[in-house]
Protein chains: 4
Amino acid sequence: MSAAPRTARGEKTRRRLLEAAEHVFAEHGYTEASVSRITERAGVGQGTFYLYFDSKLDVFDELVEDLNQRVRHAMSEGARGASTRLEAERAGFAGFFRFTAEHPALYRVVREAEFVSPGALRMHYTRIVEGYIDGLRQAQDDGEITDIDPTVAAWALMGIGEMIGMRWVLWGTGGDGAGGDADPTASGTSAVPDHVFDEMMRFIGGALGRGRGEGEGGS
Amino acid sequence: MSAAPRTARGEKTRRRLLEAAEHVFAEHGYTEASVSRITERAGVGQGTFYLYFDSKLDVFDELVEDLNQRVRHAMSEGARGASTRLEAERAGFAGFFRFTAEHPALYRVVREAEFVSPGALRMHYTRIVEGYIDGLRQAQDDGEITDIDPTVAAWALMGIGEMIGMRWVLWGTGGDGAGGDADPTASGTSAVPDHVFDEMMRFIGGALGRGRGEGEGGS
Amino acid sequence: MSAAPRTARGEKTRRRLLEAAEHVFAEHGYTEASVSRITERAGVGQGTFYLYFDSKLDVFDELVEDLNQRVRHAMSEGARGASTRLEAERAGFAGFFRFTAEHPALYRVVREAEFVSPGALRMHYTRIVEGYIDGLRQAQDDGEITDIDPTVAAWALMGIGEMIGMRWVLWGTGGDGAGGDADPTASGTSAVPDHVFDEMMRFIGGALGRGRGEGEGGS
Amino acid sequence: MSAAPRTARGEKTRRRLLEAAEHVFAEHGYTEASVSRITERAGVGQGTFYLYFDSKLDVFDELVEDLNQRVRHAMSEGARGASTRLEAERAGFAGFFRFTAEHPALYRVVREAEFVSPGALRMHYTRIVEGYIDGLRQAQDDGEITDIDPTVAAWALMGIGEMIGMRWVLWGTGGDGAGGDADPTASGTSAVPDHVFDEMMRFIGGALGRGRGEGEGGS
DNA sequence: AATGAATGAGAGTTCATTCAT
DNA sequence: GATGAATGAACTCTCATTCAT
């Protein structure tokens, strides 16, 4: 749990510490990050850190929580204006990839929680999935998508996003094992090559689609 | 890179070290594991470790390599006898979940590579995906599945497996965000509840299915 | 040296601080006690502490001083009504043991002064001994006790009280090295088992006794 | 618990560490002593310390144990040749005072155990007392001393020694509250002024004496 | 009179790695 | 081939004390 602020000055210090932690964790990972590096970057004394956080793990958890909100926000942006479920899906994935692309190191922080603070990671994924489930259920009620168990589908979609994001956003567009014919130039819709993004959406469209998988999603 | 063996005695010591490392990494994670705990478990002196491995990271890499082979073996078991692509897929996922269920801690080791030795993780995923791609391409040539980019599809499938495995194998069958109506009793096919497994296969069947998503996969 | 009071409000704050310090030192010992724990218990800000005391050591000294008075008071209670020196002695020891039994942790605070503030301990013992000396000298003048050097006798008596108190009050009645046949049930006179108390008084009676050391001390 | 040696080299390092700890604890007290000061004095690296001791407390305990033996040895020296119990007592006290005088700071280490490792202090006193009890019982069987409970008597004697030793050995011969007529010059028998020592022995002689307490103690 | 945020020195402890034997 | 004693840098965290408000 956090601690001491209350005053405006304290609140400011806390924010600086949190921001510094974000950068340091992103740059070095949890283990290599040190509290002293964080305080140094924040421009405060080492002891000050412990006025605001109980431990190194405590800031980490708070950070994951914070990132969870930002990721979810990035995902829901644009999804609101979507008229079909697949459009919403498109927007969600695009938002997620964009966030990952803009803060590649940061998103690694979230994933590192699996080894640092498992409960935090669980919470992170669970919250995202919950949003998904609602949307899927709605689309099912509207007869827009197939009647697959929305929970299972939500986790599957989550996995697709994580893996495609890791492969094409984090590792970059080329690299070993890269999808040969992915077109690195075009990238209007998302941080992932258009071709990859489109194929992924075709995959998802087929999975969720009613009757046949022709939902599509041509760019 | 490794070092010294050559003799039979040396080869044995090396194997013991590797096995000890497997247990210690599985139990404590990379950071908390210590070389001395490894050597202690292996029953050799601390210095001996450096006769066989250059560093702590070195054994870790070798371990990930080793696990990669075992996971791929678990996945391809049974897939060989499959007559359709979806059957092969079923067998592959079942093998993967079984492996994860039997060595839950071990598979975490692989995933931790993202933060310890990114190249090793890349290699791990890439190799698995390569196998997939071949199979998918073949099925496409046979007109059995849709003509989606096999690379993209392979990574998507990989992501589904990882996420479903984490959610239902690693975290257990219940817990927050659990699939409400999943049937925890039956579990003939895999380490994941039958219902979840079946729904996942329906999802995949739809994604890969030709024309309509009729692949299905009722148990 | 202390500081700021003067007003009634200040005097009250000071008392609360002192009382809080007493509890915190008793519970944790000097080193483990922290100023912040003291102020927290007192319900005042951390800075307030330094308005009343120069340092952590300063409160400690004041506390030892305070305890010295309370111990001496406990010892002299009842001793006043005594008609013989040995009766007075009895009452003094009983009072000391009672105090120790009622505030076991507190009396440890006094003893810890040896390592924290040696001068304070010296003062503590010296003051107690001074009272003794006067009484012993008087009894000698009255021909009631032997003509032993009262200073030496006083320190010896002090040592007996401390050690018997530590052994039977602080450590409890049983334990290793316990006086085998001590009767734990009866305990009318003091916090030490009756048998132990009586034997101790016989010991002292012999030491101080005129002519022969026989007798005395039967409860 | 200790650890690693076995080799002659290790045994030597261990001894150096122990000796360094003795000096550092004696000079600064437990709290102010730091492991780094100990290793510095021992001329080894900081990490080496933890090869031989589990913690700072661990060396401390071992040291108290060690001192216990040395004190008991100092006390029993000379006592062996004694023909009466009181002579043995004399020799024991003299040995104790001598030890305290020769290692004044060291003996404080033992006493500090009350606040650092209470069990160790208990053990220390209990062991010494046990030796006493045997001697006293023997003397009683021989009809040499009064039939006082030997356990109570032993703890009382222990207390006398500790207090007189603190007052006249540790604090020095003069000082506040000093025994006015103590003769600082003569000091043949012990580290305590002769007069004090003699008076103390008279006190003890009276306490233990058969029939009358009048004898003894002449220097 | 009172506050509490800020400090920074320093504590105990761990560990990957080296190297003389 | 094997050992294990030795290292020292680095870590997280605590705390008495100060001082602007």
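These numbers come from a predicted model, not from an experiment. Quick note on labels: first sequence line is chain A, next is B, and so on, each numbered from 1. Note: hydrogens, waters and symmetry copies are ignored here, and every other heavy atom, side chains too, is used.
- For B:Gly45 and D:Gly45, each mapped to the nucleotide of DNA chain F holding its nearest heavy atom, the one lying further toward the 5' end belongs to B:Gly45.
- In this structure, the CZ atom of C:Arg16 is 12 Å from the C1' atom of E:dA2, given to the nearest Å.
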Check: In the 5'-to-3' direction, what one-character label does each nucleotide of nucleotides 9-14 of chain F receive under the scheme B = base within less than 4.0 Å of a protein heavy atom, S = sugar-phosphate only, - = no such atom?
Finding: --SSBB
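- No side-chain heavy atom of C:Val35 sits less than 4.5 Å from a side-chain heavy atom of C:Phe53.
- Note that the CG atom of D:Leu63 and the CD atom of D:Glu19 stand 10.5 Å from one another [nearest 0.5 Å].
- Taking atom NZ of residue D:Lys12 and atom P of nucleotide F:dA6, one finds them 10 Å apart after rounding to whole Å.
- Computed from coordinates, the B:Leu17 CG to F:dA2 P distance equals 10 Å when rounded to whole Å.
- Stem analysis of DNA chain F (Watson-Crick or G-U pairs, both distances under 3.5 Å, runs of at least three) returns E:2-21 with F:2-21.
- By the 4.5 Å heavy-atom criterion applied to side chains, B:Val59 and B:Tyr52 are not counted as neighbours.
- Closest of all the heavy-atom pairs between C:Glu32 and C:Arg37 is O-NH2, 3.2 Å.
- A 4.5 Å side-chain heavy-atom check between D:Arg111 and D:Met166 finds at least one atom pair inside the cut-off.
- Side-chain atoms of B:Leu17 and B:Phe49, non-hydrogen and from C-beta on, do get closer than 4.5 Å to each other.
- When each of B:Arg41, B:Arg70, B:Arg15 is paired with B:Glu22, the salt bridge (Lys or Arg N to Asp or Glu O under 4.0 Å) condition holds for B:Arg70 and for no other.
- In terms of position on DNA chain F, the residue among A:Thr48 and B:Thr13 whose nearest nucleotide sits closer to the 5' end is B:Thr13.
- Counting heavy atoms from C-beta outward, A:Val116 and A:Phe25 have side chains that stay 4.5 Å or more apart.
- Remark: P of F:dT17 and CG of C:Leu51 are 15 Å apart, rounded to the nearest angstrom.
- Rounded to whole Å, atom C1' of E:dT18 lies 18 Å from atom OH of B:Tyr52.
- Distance, D:Phe60 CZ to E:dA11 C1': 18 Å, rounded to whole Å.
- Rounded to an integer number of Å, the gap from C:Ile38 CD1 to E:dG4 C1' is 17 Å.
- Nucleotide E:dA6 holds its C1' atom 16 Å from the CZ atom of A:Arg14, rounded to whole Å.
- A:Val64 places none of its side-chain heavy atoms less than 4.5 Å from the side chain of A:Leu121.
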